[in-house]
Amino acid sequence: MKTGKGNACGPARDEIKAMDDLTKMMAQVLGHARSYVSGVDDRTVFPQDDAVAGLAVFEEPLPEGPMAPAAILDLLHEKGSPATVAQTGGRYFGFVTGGALPVAVAARWLSDVWDQNGAMYVMSPVVSALESVCEKWLVALLGLPAGTAAGFVSGTSVANLCALTAARDEVLGRLGWNVKAQGLFGAPAVRVVLGEQAHASVFKALSILGFGSDGIEKVPADGQGRMVVEKLPELDRQTIVITQAGNVNSGAFDPITAICERTRAAGAWVHVDGAFGLWGAASDRRRWLVEGIQAADSWAADAHKTLNAPYDCGVVFCRRRETLTRAMQAGGAYLPTGEKRDGMMYTPEMSRSARVVALWALLKSLGRRGVAELVDRLCDRAVLFADGLRREGFTVLNDVVFNQVLVVCQSPAQTAATLENIQRSGECWCGGTTWQGQPAMRVSVCNWASTEEDIERSVKAFVKARGRAIE
Ligand SMILES: *Cc1c(COP(=O)(O)O)cnc(C)c1O
(Lines give C-alpha, C1' and ligand atoms only; values in the text may rest on other atoms or scores of the structure.)
Protein backbone atom coordinates (compact mmCIF):
# COMPACT_ATOMS: atom_id res chain seq x y z
CA MET A 1 0.00 0.00 0.00
CA LYS A 2 1.19 3.49 -0.81
CA THR A 3 2.27 5.44 2.18
CA GLY A 4 3.81 8.45 0.49
CA LYS A 5 2.14 11.60 -0.69
CA GLY A 6 -1.22 11.36 -2.34
CA ASN A 7 -0.98 10.56 -6.02
CA ALA A 8 -3.01 9.17 -8.87
CA CYS A 9 -3.65 6.00 -6.89
CA GLY A 10 -5.53 7.91 -4.22
CA PRO A 11 -4.91 9.88 -1.06
CA ALA A 12 -2.09 9.18 1.34
CA ARG A 13 -2.67 7.23 4.50
CA ASP A 14 -2.56 10.33 6.70
CA GLU A 15 -5.17 11.93 4.55
CA ILE A 16 -7.34 8.81 4.84
CA LYS A 17 -6.88 8.83 8.58
CA ALA A 18 -7.93 12.45 8.77
CA MET A 19 -10.97 11.74 6.64
CA ASP A 20 -11.82 8.74 8.75
CA ASP A 21 -12.15 10.74 11.92
CA LEU A 22 -15.17 8.92 13.23
CA THR A 23 -16.20 11.43 15.84
CA LYS A 24 -16.22 14.20 13.27
CA MET A 25 -18.43 12.13 11.02
CA MET A 26 -20.72 11.29 13.86
CA ALA A 27 -21.14 14.96 14.65
CA GLN A 28 -22.06 15.53 11.02
CA VAL A 29 -24.48 12.62 11.02
CA LEU A 30 -25.97 13.80 14.29
CA GLY A 31 -26.91 17.03 12.53
CA HIS A 32 -28.57 15.08 9.73
CA ALA A 33 -30.31 12.84 12.24
CA ARG A 34 -31.62 15.89 14.10
CA SER A 35 -33.12 17.35 10.98
CA TYR A 36 -34.62 13.96 10.03
CA VAL A 37 -36.18 13.35 13.42
CA SER A 38 -37.57 16.87 13.77
CA GLY A 39 -39.10 16.73 10.30
CA VAL A 40 -40.44 13.22 10.16
CA ASP A 41 -43.97 14.17 11.26
CA ASP A 42 -44.24 17.10 8.84
CA ARG A 43 -43.29 15.34 5.65
CA THR A 44 -45.32 12.98 3.49
CA VAL A 45 -45.42 9.48 4.97
CA PHE A 46 -44.56 7.81 1.68
CA PRO A 47 -41.77 9.67 -0.14
CA GLN A 48 -42.82 12.13 -2.82
CA ASP A 49 -42.27 11.26 -6.46
CA ASP A 50 -39.39 13.69 -6.87
CA ALA A 51 -37.62 12.17 -3.85
CA VAL A 52 -37.93 8.71 -5.34
CA ALA A 53 -36.78 10.02 -8.72
CA GLY A 54 -33.79 11.56 -6.93
CA LEU A 55 -32.53 8.06 -6.12
CA ALA A 56 -31.22 7.96 -9.68
CA VAL A 57 -28.17 9.76 -8.31
CA PHE A 58 -27.05 6.45 -6.77
CA GLU A 59 -27.08 4.65 -10.09
CA GLU A 60 -23.49 4.96 -11.20
CA PRO A 61 -20.65 2.57 -11.86
CA LEU A 62 -18.52 1.61 -8.87
CA PRO A 63 -16.28 4.64 -8.31
CA GLU A 64 -12.65 4.12 -9.30
CA GLY A 65 -11.30 6.20 -6.47
CA PRO A 66 -12.17 7.64 -3.08
CA MET A 67 -14.52 10.43 -2.15
CA ALA A 68 -14.41 12.46 1.03
CA PRO A 69 -16.67 10.99 3.77
CA ALA A 70 -18.27 14.35 4.55
CA ALA A 71 -19.54 14.64 0.99
CA ILE A 72 -20.76 11.04 1.06
CA LEU A 73 -22.72 11.55 4.25
CA ASP A 74 -24.22 14.78 2.91
CA LEU A 75 -25.25 13.01 -0.28
CA LEU A 76 -26.84 10.18 1.69
CA HIS A 77 -28.85 12.60 3.75
CA GLU A 78 -29.76 14.88 0.86
CA LYS A 79 -30.90 12.11 -1.49
CA GLY A 80 -31.50 9.15 0.84
CA SER A 81 -33.43 10.66 3.74
CA PRO A 82 -36.26 12.12 1.63
CA ALA A 83 -36.74 8.76 -0.09
CA THR A 84 -37.30 6.87 3.17
CA VAL A 85 -40.74 5.82 4.31
CA ALA A 86 -41.53 7.83 7.43
CA GLN A 87 -42.17 4.75 9.52
CA THR A 88 -40.78 6.32 12.67
CA GLY A 89 -43.43 9.03 12.41
CA GLY A 90 -46.85 8.73 13.98
CA ARG A 91 -48.96 8.05 10.89
CA TYR A 92 -47.40 4.99 9.32
CA PHE A 93 -49.72 1.99 9.68
CA GLY A 94 -48.30 -0.31 7.02
CA PHE A 95 -47.76 -4.06 7.36
CA VAL A 96 -46.92 -4.73 11.02
CA THR A 97 -43.94 -2.44 11.26
CA GLY A 98 -42.91 -1.23 14.68
CA GLY A 99 -41.42 2.17 15.36
CA ALA A 100 -38.13 2.57 17.16
CA LEU A 101 -37.95 3.72 20.77
CA PRO A 102 -35.34 6.48 21.10
CA VAL A 103 -33.40 4.78 23.90
CA ALA A 104 -33.01 1.69 21.77
CA VAL A 105 -31.87 3.65 18.71
CA ALA A 106 -29.34 5.54 20.83
CA ALA A 107 -28.04 2.32 22.40
CA ARG A 108 -27.75 0.89 18.94
CA TRP A 109 -25.59 3.79 17.82
CA LEU A 110 -23.24 3.08 20.69
CA SER A 111 -23.15 -0.61 19.89
CA ASP A 112 -22.47 0.23 16.24
CA VAL A 113 -19.35 2.02 17.37
CA TRP A 114 -18.37 -1.05 19.39
CA ASP A 115 -18.79 -3.21 16.26
CA GLN A 116 -18.99 -6.38 18.28
CA ASN A 117 -19.32 -9.84 16.83
CA GLY A 118 -21.97 -11.65 18.85
CA ALA A 119 -20.92 -15.14 17.83
CA MET A 120 -19.03 -16.14 20.96
CA TYR A 121 -18.23 -15.04 24.47
CA VAL A 122 -14.54 -14.64 23.63
CA MET A 123 -15.48 -12.31 20.79
CA SER A 124 -17.68 -10.11 22.97
CA PRO A 125 -18.23 -10.67 26.69
CA VAL A 126 -20.68 -7.76 26.79
CA VAL A 127 -22.93 -9.20 24.06
CA SER A 128 -22.79 -12.61 25.72
CA ALA A 129 -23.76 -11.10 29.08
CA LEU A 130 -26.61 -9.01 27.67
CA GLU A 131 -27.98 -11.99 25.73
CA SER A 132 -28.06 -14.04 28.92
CA VAL A 133 -29.83 -11.24 30.76
CA CYS A 134 -32.37 -10.58 28.00
CA GLU A 135 -33.10 -14.29 27.71
CA LYS A 136 -34.09 -14.39 31.39
CA TRP A 137 -36.01 -11.12 31.23
CA LEU A 138 -38.01 -12.11 28.16
CA VAL A 139 -38.85 -15.56 29.50
CA ALA A 140 -40.15 -13.90 32.67
CA LEU A 141 -41.97 -11.14 30.78
CA LEU A 142 -43.79 -13.59 28.52
CA GLY A 143 -44.45 -16.15 31.25
CA LEU A 144 -42.64 -18.95 29.40
CA PRO A 145 -41.42 -22.03 31.28
CA ALA A 146 -38.36 -21.43 33.47
CA GLY A 147 -35.17 -22.43 31.67
CA THR A 148 -36.53 -21.68 28.20
CA ALA A 149 -33.67 -20.78 25.84
CA ALA A 150 -33.65 -17.73 23.56
CA GLY A 151 -31.71 -17.07 20.37
CA PHE A 152 -31.39 -13.52 19.01
CA VAL A 153 -31.99 -13.43 15.27
CA SER A 154 -32.97 -10.99 12.55
CA GLY A 155 -36.71 -11.54 12.82
CA THR A 156 -39.54 -14.00 13.14
CA SER A 157 -38.82 -15.53 9.72
CA VAL A 158 -35.52 -16.81 11.07
CA ALA A 159 -36.97 -17.48 14.53
CA ASN A 160 -39.61 -19.70 12.91
CA LEU A 161 -36.91 -21.42 10.89
CA CYS A 162 -34.82 -22.13 14.01
CA ALA A 163 -37.76 -23.38 16.04
CA LEU A 164 -39.04 -25.61 13.26
CA THR A 165 -35.56 -27.02 12.72
CA ALA A 166 -35.44 -27.92 16.41
CA ALA A 167 -38.94 -29.41 16.13
CA ARG A 168 -38.10 -31.47 13.04
CA ASP A 169 -34.87 -32.80 14.54
CA GLU A 170 -36.48 -33.71 17.85
CA VAL A 171 -39.50 -35.39 16.31
CA LEU A 172 -37.22 -37.42 14.06
CA GLY A 173 -34.98 -38.19 17.02
CA ARG A 174 -37.92 -39.62 18.94
CA LEU A 175 -38.52 -41.91 15.97
CA GLY A 176 -34.96 -43.16 16.20
CA TRP A 177 -33.67 -41.07 13.31
CA ASN A 178 -30.62 -38.84 13.80
CA VAL A 179 -31.06 -36.16 11.17
CA LYS A 180 -27.64 -34.66 11.85
CA ALA A 181 -25.98 -37.95 10.93
CA GLN A 182 -28.48 -39.54 8.59
CA GLY A 183 -29.83 -36.51 6.77
CA LEU A 184 -33.36 -36.16 5.52
CA PHE A 185 -33.50 -38.51 2.56
CA GLY A 186 -35.08 -41.75 3.66
CA ALA A 187 -36.16 -40.34 7.02
CA PRO A 188 -39.52 -41.32 8.52
CA ALA A 189 -42.34 -38.96 7.55
CA VAL A 190 -42.91 -35.99 9.85
CA ARG A 191 -46.32 -34.39 9.66
CA VAL A 192 -46.92 -30.66 9.79
CA VAL A 193 -50.31 -29.31 10.84
CA LEU A 194 -51.06 -25.60 10.75
CA GLY A 195 -53.87 -23.10 10.39
CA GLU A 196 -54.72 -22.22 6.80
CA GLN A 197 -53.92 -18.60 7.64
CA ALA A 198 -50.38 -19.27 8.82
CA HIS A 199 -47.92 -16.51 7.90
CA ALA A 200 -46.01 -16.70 4.61
CA SER A 201 -42.73 -16.92 6.52
CA VAL A 202 -43.88 -20.19 8.08
CA PHE A 203 -44.38 -21.76 4.65
CA LYS A 204 -41.00 -20.43 3.59
CA ALA A 205 -39.29 -21.94 6.64
CA LEU A 206 -41.04 -25.26 6.02
CA SER A 207 -39.92 -25.38 2.42
CA ILE A 208 -36.31 -24.65 3.41
CA LEU A 209 -36.57 -27.50 5.91
CA GLY A 210 -37.73 -29.99 3.31
CA PHE A 211 -41.48 -29.97 3.96
CA GLY A 212 -43.21 -29.73 0.60
CA SER A 213 -46.42 -27.73 0.48
CA ASP A 214 -48.41 -30.72 -0.79
CA GLY A 215 -47.86 -32.64 2.42
CA ILE A 216 -48.76 -29.88 4.88
CA GLU A 217 -52.08 -30.43 6.64
CA LYS A 218 -54.03 -27.19 6.78
CA VAL A 219 -56.71 -26.64 9.39
CA PRO A 220 -59.62 -24.38 8.40
CA ALA A 221 -59.89 -20.97 10.05
CA ASP A 222 -62.97 -19.24 11.43
CA GLY A 223 -64.24 -15.82 10.36
CA GLN A 224 -61.52 -14.06 12.35
CA GLY A 225 -58.70 -16.21 10.97
CA ARG A 226 -58.32 -18.45 14.05
CA MET A 227 -57.62 -22.14 13.70
CA VAL A 228 -60.79 -24.18 14.34
CA VAL A 229 -59.74 -26.70 17.00
CA GLU A 230 -62.54 -29.11 16.17
CA LYS A 231 -61.10 -29.41 12.68
CA LEU A 232 -57.65 -30.51 13.89
CA PRO A 233 -56.79 -33.88 12.37
CA GLU A 234 -55.82 -36.87 14.51
CA LEU A 235 -52.42 -36.02 15.99
CA ASP A 236 -49.50 -38.26 16.86
CA ARG A 237 -45.90 -37.99 18.02
CA GLN A 238 -44.73 -37.59 14.43
CA THR A 239 -46.49 -34.27 14.17
CA ILE A 240 -45.45 -30.63 14.44
CA VAL A 241 -48.38 -28.29 15.06
CA ILE A 242 -47.86 -24.62 14.21
CA THR A 243 -50.14 -22.11 15.88
CA GLN A 244 -50.39 -18.36 15.57
CA ALA A 245 -50.57 -15.67 18.23
CA GLY A 246 -51.65 -12.72 16.12
CA ASN A 247 -53.04 -13.15 12.60
CA VAL A 248 -51.15 -10.74 10.37
CA ASN A 249 -54.41 -9.37 8.95
CA SER A 250 -56.95 -9.48 11.76
CA GLY A 251 -54.68 -9.75 14.80
CA ALA A 252 -56.71 -12.79 15.94
CA PHE A 253 -55.14 -15.45 18.17
CA ASP A 254 -55.48 -19.20 17.73
CA PRO A 255 -57.11 -20.93 20.75
CA ILE A 256 -53.75 -22.10 21.98
CA THR A 257 -54.86 -23.74 25.23
CA ALA A 258 -57.22 -26.08 23.43
CA ILE A 259 -54.68 -26.80 20.71
CA CYS A 260 -51.96 -27.56 23.26
CA GLU A 261 -54.24 -29.89 25.18
CA ARG A 262 -54.90 -31.93 22.05
CA THR A 263 -51.30 -31.81 20.98
CA ARG A 264 -49.65 -32.69 24.25
CA ALA A 265 -51.88 -35.70 24.74
CA ALA A 266 -50.63 -36.95 21.37
CA GLY A 267 -46.97 -36.20 22.11
CA ALA A 268 -46.67 -33.77 19.20
CA TRP A 269 -44.56 -30.58 19.10
CA VAL A 270 -46.32 -27.20 19.29
CA HIS A 271 -44.77 -24.05 17.87
CA VAL A 272 -46.27 -20.59 18.37
CA ASP A 273 -45.65 -17.94 15.70
CA GLY A 274 -46.16 -14.87 17.86
CA ALA A 275 -44.28 -12.29 15.81
CA PHE A 276 -46.26 -9.33 17.15
CA GLY A 277 -48.95 -10.99 19.28
CA LEU A 278 -46.75 -12.85 21.76
CA TRP A 279 -46.09 -9.53 23.48
CA GLY A 280 -49.72 -9.57 24.56
CA ALA A 281 -48.45 -11.82 27.37
CA ALA A 282 -46.86 -8.74 28.95
CA SER A 283 -50.18 -6.97 29.46
CA ASP A 284 -52.69 -7.79 32.20
CA ARG A 285 -55.45 -6.63 29.86
CA ARG A 286 -54.39 -8.71 26.87
CA ARG A 287 -52.84 -11.81 28.45
CA TRP A 288 -56.05 -13.76 27.94
CA LEU A 289 -55.32 -13.74 24.23
CA VAL A 290 -52.20 -15.87 24.65
CA GLU A 291 -53.64 -18.07 27.37
CA GLY A 292 -51.94 -21.45 27.28
CA ILE A 293 -48.77 -20.50 25.39
CA GLN A 294 -46.58 -21.81 28.19
CA ALA A 295 -47.63 -25.34 27.25
CA ALA A 296 -45.98 -25.03 23.81
CA ASP A 297 -42.49 -26.25 22.89
CA SER A 298 -41.20 -23.26 20.93
CA TRP A 299 -42.13 -19.65 20.20
CA ALA A 300 -41.08 -16.90 17.81
CA ALA A 301 -41.43 -13.16 18.37
CA ASP A 302 -40.26 -9.90 16.84
CA ALA A 303 -38.86 -7.20 19.07
CA HIS A 304 -38.88 -4.88 16.04
CA LYS A 305 -42.67 -4.98 15.87
CA THR A 306 -44.79 -4.46 19.01
CA LEU A 307 -41.78 -3.83 21.24
CA ASN A 308 -40.49 -1.02 18.99
CA ALA A 309 -36.87 -2.13 18.88
CA PRO A 310 -35.00 -0.82 15.83
CA TYR A 311 -34.55 -3.23 12.91
CA ASP A 312 -33.69 -5.98 12.99
CA CYS A 313 -34.46 -7.94 16.12
CA GLY A 314 -36.31 -11.24 16.45
CA VAL A 315 -36.19 -13.90 19.13
CA VAL A 316 -36.59 -17.67 18.98
CA PHE A 317 -37.55 -19.42 22.21
CA CYS A 318 -37.25 -23.14 22.84
CA ARG A 319 -38.44 -24.94 25.97
CA ARG A 320 -35.58 -27.47 25.90
CA ARG A 321 -32.28 -25.67 25.56
CA GLU A 322 -30.35 -28.64 24.18
CA THR A 323 -32.92 -29.19 21.44
CA LEU A 324 -32.26 -25.71 20.06
CA THR A 325 -28.49 -25.78 20.52
CA ARG A 326 -28.26 -29.23 18.98
CA ALA A 327 -30.26 -28.08 15.97
CA MET A 328 -28.12 -24.96 15.54
CA GLN A 329 -24.72 -26.46 16.23
CA ALA A 330 -21.96 -25.94 13.71
CA GLY A 331 -21.21 -29.65 13.44
CA GLY A 332 -20.24 -32.86 15.22
CA ALA A 333 -21.29 -33.42 18.77
CA TYR A 334 -20.40 -29.96 20.02
CA LEU A 335 -22.58 -28.56 22.76
CA PRO A 336 -21.85 -25.40 24.70
CA THR A 337 -19.78 -26.57 27.60
CA GLY A 338 -18.52 -23.30 29.03
CA GLU A 339 -20.31 -21.31 31.68
CA LYS A 340 -20.52 -18.33 29.36
CA ARG A 341 -23.03 -17.99 26.60
CA ASP A 342 -21.94 -18.35 22.97
CA GLY A 343 -24.77 -16.73 21.00
CA MET A 344 -24.04 -18.68 17.82
CA MET A 345 -25.15 -21.89 19.54
CA TYR A 346 -28.73 -20.62 19.38
CA THR A 347 -28.87 -19.24 15.84
CA PRO A 348 -28.01 -20.22 12.27
CA GLU A 349 -25.37 -17.50 11.88
CA MET A 350 -21.90 -17.49 13.31
CA SER A 351 -20.92 -13.81 12.95
CA ARG A 352 -23.85 -11.74 14.09
CA SER A 353 -24.66 -8.13 14.96
CA ALA A 354 -24.94 -7.08 18.59
CA ARG A 355 -28.67 -6.46 18.19
CA VAL A 356 -29.29 -7.46 21.77
CA VAL A 357 -27.75 -4.21 23.01
CA ALA A 358 -30.68 -2.13 21.78
CA LEU A 359 -33.13 -4.72 23.07
CA TRP A 360 -31.53 -4.68 26.51
CA ALA A 361 -31.68 -0.86 26.66
CA LEU A 362 -35.33 -0.94 25.66
CA LEU A 363 -36.31 -3.51 28.30
CA LYS A 364 -34.25 -1.75 30.96
CA SER A 365 -35.92 1.53 30.10
CA LEU A 366 -39.51 0.28 29.98
CA GLY A 367 -39.47 -2.40 32.63
CA ARG A 368 -42.33 -4.86 32.88
CA ARG A 369 -44.89 -2.12 33.41
CA GLY A 370 -43.60 -0.04 30.53
CA VAL A 371 -43.85 -2.93 28.08
CA ALA A 372 -47.42 -3.58 29.25
CA GLU A 373 -48.27 0.09 28.77
CA LEU A 374 -46.73 0.09 25.30
CA VAL A 375 -48.75 -2.97 24.24
CA ASP A 376 -51.95 -1.47 25.67
CA ARG A 377 -51.26 1.89 24.06
CA LEU A 378 -50.97 0.32 20.60
CA CYS A 379 -54.07 -1.83 21.08
CA ASP A 380 -56.15 1.02 22.54
CA ARG A 381 -55.21 3.25 19.61
CA ALA A 382 -56.22 0.53 17.17
CA VAL A 383 -59.65 0.50 18.85
CA LEU A 384 -59.76 4.30 18.60
CA PHE A 385 -58.88 4.09 14.89
CA ALA A 386 -61.56 1.45 14.29
CA ASP A 387 -64.21 3.48 16.18
CA GLY A 388 -63.32 6.60 14.22
CA LEU A 389 -63.61 4.78 10.91
CA ARG A 390 -66.92 3.15 11.85
CA ARG A 391 -68.28 6.55 12.82
CA GLU A 392 -67.39 7.78 9.35
CA GLY A 393 -69.29 4.95 7.69
CA PHE A 394 -66.47 2.52 7.00
CA THR A 395 -66.98 -1.16 7.80
CA VAL A 396 -64.51 -2.80 10.17
CA LEU A 397 -64.31 -6.50 9.34
CA ASN A 398 -62.46 -7.87 12.35
CA ASP A 399 -62.88 -7.90 16.10
CA VAL A 400 -60.15 -5.46 17.09
CA VAL A 401 -58.61 -7.62 19.81
CA PHE A 402 -55.07 -6.40 19.29
CA ASN A 403 -53.42 -3.78 17.08
CA GLN A 404 -54.84 -4.71 13.66
CA VAL A 405 -57.85 -3.16 11.92
CA LEU A 406 -59.33 -4.48 8.66
CA VAL A 407 -61.54 -1.97 6.95
CA VAL A 408 -63.58 -1.70 3.75
CA CYS A 409 -65.83 0.79 1.99
CA GLN A 410 -69.19 0.10 0.32
CA SER A 411 -67.76 -1.87 -2.60
CA PRO A 412 -64.50 -3.65 -3.47
CA ALA A 413 -63.84 -1.06 -6.19
CA GLN A 414 -64.35 1.81 -3.75
CA THR A 415 -62.08 0.12 -1.22
CA ALA A 416 -59.32 -0.33 -3.79
CA ALA A 417 -59.58 3.27 -5.00
CA THR A 418 -59.68 4.64 -1.46
CA LEU A 419 -56.59 2.67 -0.51
CA GLU A 420 -54.73 4.00 -3.51
CA ASN A 421 -55.69 7.55 -2.56
CA ILE A 422 -54.60 7.03 1.05
CA GLN A 423 -51.23 5.70 -0.02
CA ARG A 424 -50.76 8.66 -2.33
CA SER A 425 -52.04 11.25 0.14
CA GLY A 426 -48.84 11.45 2.15
CA GLU A 427 -51.06 12.04 5.20
CA CYS A 428 -50.78 8.47 6.40
CA TRP A 429 -50.00 5.07 4.94
CA CYS A 430 -51.57 1.66 5.32
CA GLY A 431 -51.38 -1.47 3.22
CA GLY A 432 -53.94 -3.58 1.46
CA THR A 433 -54.81 -7.23 1.75
CA THR A 434 -57.38 -9.73 0.62
CA TRP A 435 -59.73 -10.83 3.36
CA GLN A 436 -62.20 -13.60 2.60
CA GLY A 437 -61.91 -12.93 -1.09
CA GLN A 438 -62.41 -9.16 -0.82
CA PRO A 439 -59.89 -6.33 -1.02
CA ALA A 440 -59.47 -4.69 2.36
CA MET A 441 -57.36 -1.98 3.92
CA ARG A 442 -55.13 -3.13 6.71
CA VAL A 443 -54.25 -0.75 9.50
CA SER A 444 -51.58 -1.76 11.98
CA VAL A 445 -51.01 0.46 14.99
CA CYS A 446 -47.54 -0.60 15.95
CA ASN A 447 -45.61 2.55 16.74
CA TRP A 448 -45.18 4.14 20.18
CA ALA A 449 -45.10 7.52 18.38
CA SER A 450 -48.67 7.33 17.05
CA THR A 451 -50.67 9.78 19.14
CA GLU A 452 -54.42 10.15 19.41
CA GLU A 453 -54.14 13.23 17.17
CA ASP A 454 -52.31 11.11 14.60
CA ILE A 455 -55.20 8.65 14.64
CA GLU A 456 -57.81 11.42 14.26
CA ARG A 457 -55.86 13.02 11.45
CA SER A 458 -55.52 9.64 9.73
CA VAL A 459 -59.25 8.93 10.00
CA LYS A 460 -59.83 12.26 8.26
CA ALA A 461 -57.35 11.22 5.58
CA PHE A 462 -59.39 8.04 5.05
CA VAL A 463 -62.58 10.07 4.65
CA LYS A 464 -60.94 12.43 2.19
CA ALA A 465 -59.46 9.55 0.20
CA ARG A 466 -62.87 7.89 -0.02
CA GLY A 467 -64.42 11.18 -1.13
CA ARG A 468 -61.95 11.37 -4.01
CA ALA A 469 -62.65 7.76 -4.89
CA ILE A 470 -66.36 8.46 -5.36
CA GLU A 471 -65.85 11.50 -7.59
C1 LIG B 1 -44.01 -10.28 10.63
C2 LIG B 1 -44.42 -11.67 10.84
C3 LIG B 1 -43.56 -12.74 10.55
C4 LIG B 1 -42.22 -12.53 9.88
O5 LIG B 1 -41.38 -11.78 10.69
P6 LIG B 1 -40.13 -10.98 10.10
O7 LIG B 1 -39.65 -10.21 11.27
O8 LIG B 1 -40.66 -10.10 9.01
O9 LIG B 1 -39.14 -11.97 9.61
C10 LIG B 1 -44.00 -14.02 10.84
N11 LIG B 1 -45.21 -14.23 11.38
C12 LIG B 1 -46.07 -13.23 11.67
C13 LIG B 1 -47.39 -13.55 12.29
C14 LIG B 1 -45.70 -11.91 11.41
O15 LIG B 1 -46.54 -10.92 11.70
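Scope of the values below: all heavy atoms of this structure, side chains included, with no hydrogens, waters or symmetry mates. Order of listing sets the numbers, starting from 1, for every ligand and every atom in it.
- Below 4.0 Å from some heavy atom of Phe276 lie the following atoms of ligand 1, by number and element: 15 (O).
- Using modelled atom types and a 3.5 Å distance limit, the side chains of Tyr36 and Thr84 yield a donor-acceptor pair.
- The parts of Thr156 lying near ligand 1 are both backbone and side chain, judged by heavy-atom distances below 4.0 Å.
- Within the 4.0 Å heavy-atom criterion, neither part of Phe95 lies near ligand 1.
- The nearest protein atom to atom 11 (N) of ligand 1, hydrogens excluded, is given as Asp273 OD2, 2.7 Å; this is a heavy-atom distance.
- Between the choices Gln244, Lys204, His199, the shortest heavy-atom distance to atom 4 (C) of ligand 1 belongs to His199.
- Near Ser201, with a cut-off below 4.0 Å to any heavy atom, the atoms of ligand 1 are 3 (C), 4 (C), 10 (C), 11 (N).
- Proximity to Gly246 (heavy-atom distance under 4.0 Å) selects the following atoms of ligand 1: 13 (C).
- Here Arg381 does not pair with Asp454 in a salt bridge; the nearest charged N to carboxylate O distance is not below 4.0 Å.
- With no hydrogens or angles considered, no side-chain donor-acceptor pair links Ser124 and Arg352 at under 3.5 Å.
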Subject >> Stepwise side-chain contact (heavy atoms from CB on, under 4.5 Å) check, Glu217 with Thr239 >> reply: CA-CA 10 Å; Glu217 299 170 53; Thr239 312; 5.8 Å; no
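- Side-chain polar atoms of Gln404 and Ser250 form no donor-acceptor pair below 3.5 angstrom.
- Electrostatic pairing of Arg424 and Glu420 counts as a salt bridge here, judged by a charged N lying under 4.0 Å from a carboxylate O.
- The ligand atoms of ligand 1 that sit less than 4.0 angstrom from a heavy atom of Asp302 are 1 (C), 5 (O), 6 (P), 7 (O).
- With Phe462 as the partner, the ring pair (Phe, Tyr, Trp, His ring centres under 6.0 Å) test is satisfied by one option alone out of Trp429, Phe385, Phe93: Phe385.
- For Thr97 and Gln87, the side-chain atoms include no donor-acceptor pair closer than 3.5 Å.
- Remark: distances from the non-hydrogen atoms of Val248 to ligand 1 include one below 4.0 Å.
- Remark: ligand 1 and His304 share an N or O pair separated by less than 3.5 Å (distance only, no angle test).
- Of the heavy atoms in Ser157, both backbone and side-chain atoms come closer than 4.0 Å to ligand 1.
- Of the protein's non-hydrogen atoms, Lys305 NZ, 2.4 Å is the one closest to atom 2 (C) of ligand 1.
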